Each structure stands twice: as C-alpha cells, then as structure tokens.
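Single-structure report; data block below.
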Amino acid sequence: MNNKLMRVGTTYIPVTNVDIAAKWYVNNLGAVLSHQDEDKVILNLADQSFFLVKAEENQSSNFIDSNGNERFSMTFEVNGLNALEELHNFFMGREMKVGNIENRGHAGRNFVFADLDGNKFDVWSELSPNFQEIKN
C-alpha cells in the first residue's frame, strides 16, 4: 500500500492564554515560535508543529483511562537515560509540574510533566530506532 500515513505533522493543544502559553513552551521546552495571533500560536518542537489553540477554561488534551486515572496523550522521546535525567532535573529547576522518573516494566524510564493548563506529556528515555537512523 503506497497510500500510508507517513508521520504526525501537527498536534493541537488547548490553552487558556495563547501569549502566556507560547512563552512557557518557548522558555521551558525550547519550542520555536512561527506564528501567533489572538486565537492560536504555531510552534515548532521535536520535528513537529504544535498549535496552541485558545480554549475554554478547564480544557486539556488529557483523558481518563478505564481505571479512572488521568492520562497524557503524547510521549516525547530523548536519547538515553542520561538525557532523561538531565531533562528531568532541568524541568525541576524551572519549577515545572514534573513527576518522578518511573520504571514502568518496559525498556527505559519515563516521567510525566504538565504545562500551565494541565496538559500532561510523557517523556521516555528510548529514542525510536527509525528516528535514530534519520538523525544520523
């Protein structure tokens, strides 16, 4: 099949204040601002476009799983445990909402962090092999 999905190009994230959210993503995650208006911000981060879209209060990209736990909808990857620990320490130093580094019973380690609107994101210490090939 030649008509297959190739990659995720854009992710939409609800925020209450696009200006404050944009500054947070640029300052804390190293995102690059490419467009901003009163209703949205377009950022480049981790080889993807992120649209921070002005939304009603108490909206997030999180969901509740079958056990009643609030979950993240996206996992970022870093290249190795040292990179994970360094990023975790950096986020902690920025006084971000950051969970502990966890062993979830699979390869690598993870931690969860949240933005100012409570959107949760996961970080995993294992960089996908296909991405390693592309970047080398």
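Position 1 is the first residue of the sequence; numbering continues from there. Computed from a prediction, not measured in an experiment: that's the story for all the values here.
- The salt bridge (Lys or Arg N to Asp or Glu O under 4.0 Å) pairs that include a residue from residues 9-31 are Asp19-Lys23, where partners are two or more places apart or lie in different chains.
- With rounding to the nearest 0.5 Å, the separation of CG in Leu81 from CD in Glu86 is 10.0 Å.
- Checking side-chain atoms of Asn119 against main-chain N and O of Asp115 turns up no donor-acceptor pair under 3.5 Å.
- The line from CG of Leu87 to CD1 of Ile101 is 9.0 Å long, rounded to the nearest 0.5 Å.
- Heavy atoms of other residues, nucleotides or ligands lying less than 6.0 angstrom from CG of Asn27 number more than 12.
- Side-chain atoms of Thr75 and Val123, non-hydrogen and from C-beta on, never get closer than 4.5 Å to each other.
- For the atom pair CD1 of Ile42 and NZ of Lys40, the computed distance is 6.0 Å after rounding to the nearest 0.5 Å.
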Anything under 3.5 Å between a donor and an acceptor, one on a side chain of residues 103-111, the other on a protein residue two or more places apart or in another chain? List them.
unit_1	atom_1	unit_2	atom_2	d
Asn103	OD1	Gly105	N	2.9
Arg104	NE	Glu102	OE1	3.1
Arg104	NH1	Asp122	OD1	3.1
Arg104	NH1	Asp122	OD2	3.3
Arg104	NH2	Glu102	OE1	2.7
Arg104	NH2	Asp122	OD1	2.9
Asn110	ND2	Asp122	OD2	2.9

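- Under the 3.5 Å distance criterion, with hydrogens and angles disregarded, a donor-acceptor pair is assigned to the side chains of Glu77 and Ser128.
- Between the Asn62 side chain and the Gly118 main chain, a donor and an acceptor come within less than 3.5 Å of each other.
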ring-ring contact (aromatic ring centres under 6.0 Å, His included) evaluation trace for Phe76 with Phe121: CA-CA 7 Å; Phe76 291 101; Phe121 303 99; 5.8 Å; yes

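- Expressed to the nearest 0.5 Å, how far CG of Asn28 lies from OH of Tyr25 amounts to 10.0 Å.
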Audit row: Phe90, Val98, side-chain contact (heavy atoms from CB on, under 4.5 Å) steps and yes/no: CA-CA 10 Å; Phe90 175 77; Val98 183; over 6 Å; no

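- In this structure, Leu52 and Leu43 have side chains that are in contact, with non-hydrogen atoms separated by less than 4.5 Å.
- Between Val26 and Ala31, the shortest heavy-atom distance links the atoms CG2-O, 3.4 Å.
- Shown here are the side-chain contact (heavy atoms from CB on, under 4.5 Å) partners of Lys54, two or more places apart in sequence or in another chain: Val18, Asp39.
- Between Phe113 and His88 there is no side-chain heavy-atom pair separated by less than 4.5 Å.
- The minimum heavy-atom distance linking Leu45 with Gly30 is given by the pair CD1-C, 4.5 Å.
- Distance alone, capped at 3.5 Å, is enough to place a donor-acceptor pair between the Asp117 side chain and the Thr16 backbone.
- Heavy-atom neighbours of Asn100 CG from other residues, nucleotides or ligands within 6.0 Å: at or below the threshold of 12.
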Derivation of the side-chain contact (heavy atoms from CB on, under 4.5 Å) call for Thr11 and Gln48: CA-CA 8 Å; Thr11 298; Gln48 189 177 141; 2.2 Å; yes

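- Here CZ of Phe50 is found 5.5 Å from CD1 of Ile13. Values are rounded to the nearest 0.5 Å.
- To the nearest 0.5 Å, atom CD1 of residue Ile64 and atom CZ of residue Arg71 are 10.5 Å apart.
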